[in-house]
Every structure is written in C-alpha cells, then in structure tokens.
Protein chains: 2
Amino acid sequence: MARRPTIADVAQLAGVSRATVSFVLNDRPGVAAATQERVRAAAGQLGWTPSRSARALSTGRARAVGLVLTREPDLIGTDPFFPAFMAGIESVISESGDGLMLHVTSPRNEMDTYRRLVDDQRVDGVFLTDLRVGDPRPELLRELGLPAVAVGADDGVEGIATVNLDDRPVVAGAVHHLVGLGHRHIAYVAGPAEYLHAQRRLGAWRDALAEAGLPQGPVLPGGFTAEGGALATQALITRGDRPTAIVYANDLSATAGMAVAQEAGLRMPDDLSVVGFDDVPLASWTRPSLTTCRADAASWGRAATRALIETIEHGTTPHVELDPAALMVRDSTGPAPARP
Amino acid sequence: MARRPTIADVAQLAGVSRATVSFVLNDRPGVAAATQERVRAAAGQLGWTPSRSARALSTGRARAVGLVLTREPDLIGTDPFFPAFMAGIESVISESGDGLMLHVTSPRNEMDTYRRLVDDQRVDGVFLTDLRVGDPRPELLRELGLPAVAVGADDGVEGIATVNLDDRPVVAGAVHHLVGLGHRHIAYVAGPAEYLHAQRRLGAWRDALAEAGLPQGPVLPGGFTAEGGALATQALITRGDRPTAIVYANDLSATAGMAVAQEAGLRMPDDLSVVGFDDVPLASWTRPSLTTCRADAASWGRAATRALIETIEHGTTPHVELDPAALMVRDSTGPAPARP
DNA sequence: TCGCTCGTTTAAACCGGTTCAAACGCGAGA
DNA sequence: TCTCGCGTTTGAACCGGTTTAAACGAGCGA
C-alpha cells in the first residue's frame, strides 16, 4: 500500500489502458484531449513518476552520460577544470532530467573503466577529456559503439563529435603581451607531453615566438604539477642566460615557480615576468597576482553536453568551436629588465 | 546478430534454464559444480554481461549512489574537498561495480535535486555533505526513505548514518602552536555561519583560546571565499589592536588574507602569523608557505561510502569517527612580534 | 442501410533479468 | 519394490514500462 504507484494504477484510476497512459506520458499524438486530461489528473493524484529502470529496460536508453576523470590519485584536486566542467554538463542534462555518472580512475585502470561503462549500459554516451597523443579511446569507443564527444580535440577524430577551444590565440596573446613589454628571452614550462592540449599550447608558444621574430627560448617539463613547476623554474633561473619571462602550462606550475624565484631573491615582475594558464581561484591572490589565461570551463561543459546529446539522439557528430580563452593581465608581468 | 547476448542465449548454449544461469550469476547455492562450470563457460564464450537495467528493474536496486554538490555557480571549483572525496567514493564502489551519480546544483535547487533523485530511483543512497544548521535534508530523506550518510556530522542525526571527523583537536593544535609562539591576540576569519562544520571550527577556536586562558579575539566572516578573506583581513589589520595571528576557516580565505596583509606592508610571519584550513595543493607554494590543517578527504570518501553501503544493505546506521586532521606547520606562522 | 474511413483505444508481446513453488532424478532405507 | 528425502533444475510469474497490430466506434457518403 505504501508501494509506489505504477502505470497500471494510473491506468485504472483514469479508466484507460496502460498503453494510453504511456502515450500520454511521452506525449505521443493520437490521444484525445479529454483522455490526456484524465490521465494527467490521475497521475498527479497518485503522485506517479515512471520508473527509470523500467523505461531504461524497454527503451534501451539509460538517460545518463558518463564522465571519466583519469588522474593519478595524488593529483586529484589540483585541476580546476573539472568542477566547473561538471557544472556545465549538469546545467544541460538537468533540463531533460538526465544524470551524470562520474568515474574517478587512475591511468592504469582507464580503459577498463570505459569498457565497463559500455558493458554495463549505464550511460548513453561519454565525454572524452584529456586526449593524448595516439589516444586509444576514440578507437575503442567507436568499436564498442558508444557515442562520445572529444573535449579539446580538433576534428581529427573520425566519427566522434568534438568540442574544441583553440588555445593558440590566447597563448599568442600572452607572448605578444610579453614581447610588447620588451621581453626577448621567454621560456616555457610545459605540461606532460602526452596530452594533446599540452602539445598545442607549446606549439602555440613556439609559433608566437617565431612570428615575433624571436629565438625559441628553453622548454622544460613541468608536468602540470607544483613540484614540476618548481624544479623547472629552479633550472631556468640558475642558467647562464636566465630568461626574463616564463610562460607556464598551468597556474599550479606558475605559482610554484614564482615561489622558487622569490626564494632565489628575484623580484616579480621586475626581474622576471610570469604567465600561467587556467586562472584558478587563487590566481588573483598570489603575490604578485598572476597574469594568466582563462577559459570558461562551464561553457565547455555545456557545449560538450549538447554535442553529445546530438550524437546520441541523431547519430550526427558535430564539431563545435568555442570562444577562445581570455588573457587576464595582472601583476606578475611587467617590463623586461634592462639588459645587464 | 550483433545484438548483445541475453541470459536466454547463455542458457541455451549451456543447455540449462534461464533461472539456472541467474543462480550461477549471483552465486546462489544449490547449483551443481559441473553446471556452474558449463554456465560460466557459455557466458564467457558469448561475452555476456547481465543488463543493468533489467537487473535494476527486477531487484529494485539501482546499484549506484548519489552525491549532490551544492554550490553557488561561481564558487564551484574553489573547494579542494570534493575531487578527493569523490576519488575515495569511487575506490569503494568500484569494487562492487557500482556507480556514482553526481549532481551539481545551486542552493536554490537543492531540495528539488534530492527529490528527483528519490523519484527517479536512480540511486540506492546518497551522501549528505555540507550540513547546515537546521538542515531540512536529513528529515526529507528519512521521510522519503532514501538511505543516506551524513558527512561531517556528529551522531545527532536520527536514523541516518554519519561519518565524522572532529575538527576540534587540530584547531586546538593550531591555537596551541600559536600560543606556544607567544601569540596572545588571535583573530578568526570564519566560514558561513550556516554550515555545521564552520560552526564547529569556530567553536573549537573559542574553546582552545579559553583553555589557554586567553581572551576571545575578534571573529569576522570570511565566507570561505578569497574576497571574504581579503575583506576580513583588511578590517583586522587596520584595527587599533591588530591581532598578531589570524586563524582562517579555509586556505582560500587565508591566502587572500596574506596577500592583503603583504600589500599593507606587513611581513609574515614576523608581523603577522596566519593559519589556514584544507591544505590545498598550492598551500606549500604561497610565500610564505601556509601553515594549515590537512584532512584526508579520500579516506572520508571511503568511510562514508562503506557506511552508506551498510545502510543500504542492512538498514543499520553506523556512526564512524575518522582520524583527526593534521596540522601542517609551514612558514606563515612564527614567534609573535614583541609588543610595541 | 451498408461499407469505409479515420481518430482513438487496447490487448498482448517484449525488454532481460529475478524468484519461488513445483517437478525431477537418484540413492538410501523400509 | 516402493517410498521418502534431498540436491538440482525448471516453468512461469513478476518487475514497470514501451510498442505494434488490431479492435473499436462514430461519422459520412453512397
């Protein structure tokens, strides 16, 4: 009696068949207006909500999308992208009452996680983030037939929707900003080479320097981590030809780099200019505040979700290009020091 | 033909009934060893995975847990707790092949989100985080009959499992640390008063001061935000009786506070000592590095998940107490300045 | 009045599992 | 030889929806 009402209860109360109730629920044409009214009233009176599992079973759709967050356990929480990205996803799927299945996994288990996602049929599609060079996932998903949208990939991925934000303009903008301030010797602290987006940012930096007619500065790995940024910075500032500016692949590296430089007695931006990437919440509150690049992760999430839904429902694979990131100029960049 | 195999296919191949296959799948006793073997072989040969939705429909269990992340849209991403917490959840549920449904919502829509979670029967239980004073959610969930575990609540919540970490020892430890350094005038920049955990940290600070025989220092709201921390700090350092140490409710406020203090010409820790809370990844890379309190969010996630599963499966409501947070002493705290 | 549409409604099969009462086969005891 | 008991297996109902082909009934033209 405290049992949830089923479609049969509604049908009986409304004096129609279950099929009719189902038709009304899915507003299918061909049901008389008066009947619709009766069914709706009955459903309302009983407080009936159709059972997800039953619908999933007969329609074959889970009405949920999946996000796999692959990180080494100790790096979880260092990435400012995901919370906002997830908020963007949610804002779109909640319109249709769909859900988000989240899986946090380590790189070792990543492929298994995707396989299980498919086997379990718990999601109708997945987001593919942090694409890597030679990434096996697009192939795997196409093979398994699971709709997917690649986030931050240009449209090179065959048969998979993509949502991309071109980092090049903003990286170029950062370099121009530095060049305009008189910098001629600009270094780069890169993210892990396996990531496509890390590669693209590095390439953009290279191109921007070339375009400005400047020599390629040194490139050191920073691994997107604080420790990596610190080590790279240490190496850079103790070189014979110390750069006057460093562009970092993310804010975490940049902030750690600033700490190391300050420790070494360098003043910023007087002795050294620093540019980050991400615009983490703390970026405006470091000393000096950090000049960095801000991408709108929530709108990535929204766009990616719309593209994914389109793939799921119509089998099309749209390629969406987002508004470029913005350069947030703060106090960590300033005029290049006079040449000694 | 490219159709997924069903239990019927396995049954046919193994030469048994569907019921038998089901028994083997759920390792129910009463199936001859040889038969089990045949069924397993058949399932393996066909690559059969039972359909989640079908199981969900007949067992009434969704095999997933829900996490609702309630934040103002612009504060998403400032909280270091959740990613690690989610990783902890995942590490437990993935053992049993369960899933995590994530919902990011704003405070306005929070109750609706919980209701929908229940109506949809998409989860077997939920985590209740960020409990507030007079929180309506425990009552709602008990009423709706959805198993839940309250995270960071003492066992006052009737009929709901709790997982708690007592902040008091570490806050007391921080105060003792400051007192030992000679500080007598210690201020507090608090989190939003509606949160239970913010209240408890504040209370712990009060008690620790009282225990040390010191007067209550000023308490200002920081709202867990950088801006709030900055404003509060500004107010504190321009007071007549400027405190020599400030304890902040979280690292975000503390870091912004340090920036403001430095801006005002104060040196840390010489003129002012600062203590944060959370130990965000950047805490060791601010200048000076931040003395703060570290709780192990991943182990919260694990403990909370185990408690939730216990509630779901046995109807019991365990109350788990976690290891207290640890004080990470860094460079932002030092001897109190000599009284002018 | 008969036959035909056309709009509306429905019975029944189906999705792919779980579960329970009943049937089955076989060896032991009477 | 017959019965009983036990371990094993199964048929059939069930979970709560969706879907399709067919039935229904009212209106209309011939």
Side-chain angles (χ1 to χ4, degrees), chain A residues 1-40 42-43 46-64 97-98 118-122 124 313, chain B residues 1-40 42-43 46-64 97-98 118-122 124 313:
Chain A
M1 33 143 297
R3 175 183 117 270
R4 273 173 74 98
T6 74
I7 197 172
D9 300 323
V10 176
Q12 186 176 16
L13 180 58
V16 298
S17 73
R18 299 188 304 153
T20 303
V21 177
S22 177
F23 289 159
V24 172
L25 174 65
N26 300 297
D27 14 52
R28 271 259 245 300
V31 178
T35 311
Q36 283 191 36
E37 201 41 56
R38 281 217 316 290
V39 169
R40 294 236 159 74
L46 295 175
W48 175 65
T49 317
S51 143
R52 282 257 155 204
S53 356
R55 294 184 99 175
L57 179 58
S58 47
T59 60
R61 277 197 56 182
R63 309 249 34 159
D98 291 358
V118 176
D119 282 350
D120 287 2
Q121 307 221 122
R122 235 210 274 262
D124 301 316
E313 296 189 341
Chain B
M1 34 142 289
R3 178 183 115 270
R4 273 173 73 100
T6 73
I7 197 171
D9 301 322
V10 177
Q12 185 175 19
L13 180 59
V16 297
S17 73
R18 300 188 305 152
T20 304
V21 177
S22 177
F23 290 159
V24 172
L25 173 65
N26 299 296
D27 9 56
R28 273 261 245 297
V31 178
T35 309
Q36 283 192 34
E37 201 42 57
R38 281 217 316 292
V39 170
R40 293 237 159 73
L46 296 175
W48 174 66
T49 317
S51 144
R52 283 255 158 206
S53 355
R55 293 184 100 174
L57 179 59
S58 47
T59 61
R61 278 198 53 181
R63 310 248 34 158
D98 292 356
V118 175
D119 282 351
D120 288 1
Q121 307 220 120
R122 233 209 274 264
D124 301 316
E313 296 189 340

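The chains referred to below are lettered A, B, ... by the order of the sequence lines, with proteins before strands, and numbering in each begins at 1. Just the heavy atoms: all of them, side chains too, but no hydrogens, waters or symmetry mates, feed the values below.
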Rounded to whole angstrom units, what separation is found between the [atom1] atom of [X] and the [atom2] atom of [N]?
{"X": "R52(B)", "N": "dT18(C)", "atom1": "CZ", "atom2": "P", "answer": "11 Å"}
{"X": "R4(A)", "N": "dG17(D)", "atom1": "CZ", "atom2": "C1'", "answer": "12 Å"}
{"X": "N26(B)", "N": "dC20(C)", "atom1": "CG", "atom2": "P", "answer": "12 Å"}
{"X": "R63(A)", "N": "dT18(D)", "atom1": "CZ", "atom2": "P", "answer": "11 Å"}
{"X": "E37(A)", "N": "dT8(C)", "atom1": "CD", "atom2": "P", "answer": "15 Å"}
{"X": "D120(B)", "N": "dG17(D)", "atom1": "CG", "atom2": "P", "answer": "12 Å"}
{"X": "L46(B)", "N": "dG16(C)", "atom1": "CG", "atom2": "C1'", "answer": "15 Å"}
{"X": "R61(A)", "N": "dG17(D)", "atom1": "CZ", "atom2": "C1'", "answer": "16 Å"}

Inset, instruction - Have a look at R28(B) and say if it touches a base, only the backbone sugar-phosphate, or nothing, with a 4.0 Å heavy-atom cut-off. - result: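 Sugar-phosphate, no base atom in range.
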Return all side-chain donor-acceptor pairs below 3.5 angstrom for residues 29-37 of chain B, not counting sequence neighbours, or 'none' if the list is empty.
residue, atom, partner, partner atom, Å
Q36(B), OE1, R40(B), NH1, 3.2
Q36(B), NE2, V31(B), O, 3.3

Inset, instruction - Would you indicate, yes or no, if dG17(C) has its OP1 or OP2 atom less than 4.0 angstrom from a side-chain nitrogen or oxygen of W48(B)? - result: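 Answer is yes, contact under 4.0 Å.
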Inset, instruction - Compare side-chain N and O positions of S22(B) against OP1 and OP2 of dT18(C) and report whether any pair is under 4.0 Å apart. - result: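 Yes, because at least one side-chain N or O of S22(B) sits under 4.0 Å from OP1 or OP2 of dT18(C).
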Legend entry - Taking every non-hydrogen atom, the tightest pair across V10(A) and V39(A):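 Looks like CG1-O, 4.1 Å.
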Inset, instruction - With sequence neighbours left out, write down each residue that passes salt bridge (Lys or Arg N to Asp or Glu O under 4.0 Å) with R52(B), or none if nothing qualifies. - result: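 Salt bridge (Lys or Arg N to Asp or Glu O under 4.0 Å) list for R52(B), sorted by chain: D120(A).
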Legend entry - Per-nucleotide protein contact string for nucleotides 4-15 of chain D, where B marks a base within reach and S marks sugar-phosphate only (heavy atoms under 4.0 Å, - for neither): ----SBBB-B-B
Inset, instruction - Measure the angle between the two terminal helix axes of the helix from dT1(C)-dA30(D) to dA30(C)-dT1(D), five base pairs each, and quote it to 10°. - result: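 Rounded value for the end-axis angle: 80°.
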Inset, instruction - Please identify each residue that fulfils side chain to side chain donor-acceptor pair (under 3.5 Å) with S53(B), with sequence neighbours left out. - result: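 If we apply the side chain to side chain donor-acceptor pair (under 3.5 Å) test to S53(B), skipping adjacent residues, there are no hits.
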Inset, instruction - Can you sort out the partners of D119(B) under side chain to side chain contact (heavy atoms under 4.5 Å, CB included), two or more places apart, ordered by chain and number? - result: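 Here the qualifying residues are T49(A).
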Inset, instruction - Not counting sequence neighbours, which residues clear side chain to side chain contact (heavy atoms under 4.5 Å, CB included) with I7(A)? List them please. - result: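 Expected list: R18(A), V21(A), S22(A), W48(A).
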Inset, instruction - Name all pairs fulfilling the salt bridge (charged side-chain N to carboxylate O under 4.0 Å, His left out) condition that reach into residues 21-30 of chain A, sequence neighbours left out, sorted by first residue then second. - result: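 Output for this query is empty, none listed.
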Show which side-chain atoms of residues 54-64 of chain A pair as donor or acceptor with protein atoms under 3.5 Å away, not counting sequence neighbours.
residue, atom, partner, partner atom, Å
R55(A), NH2, N26(A), OD1, 2.7
S58(A), OG, A54(A), O, 3.2
T59(A), OG1, R55(A), O, 2.7
T59(A), OG1, R61(A), N, 3.3
R63(A), NE, D98(A), OD1, 3.0
R63(A), NH2, D98(A), OD1, 3.2
R63(A), NH2, D98(A), OD2, 3.2

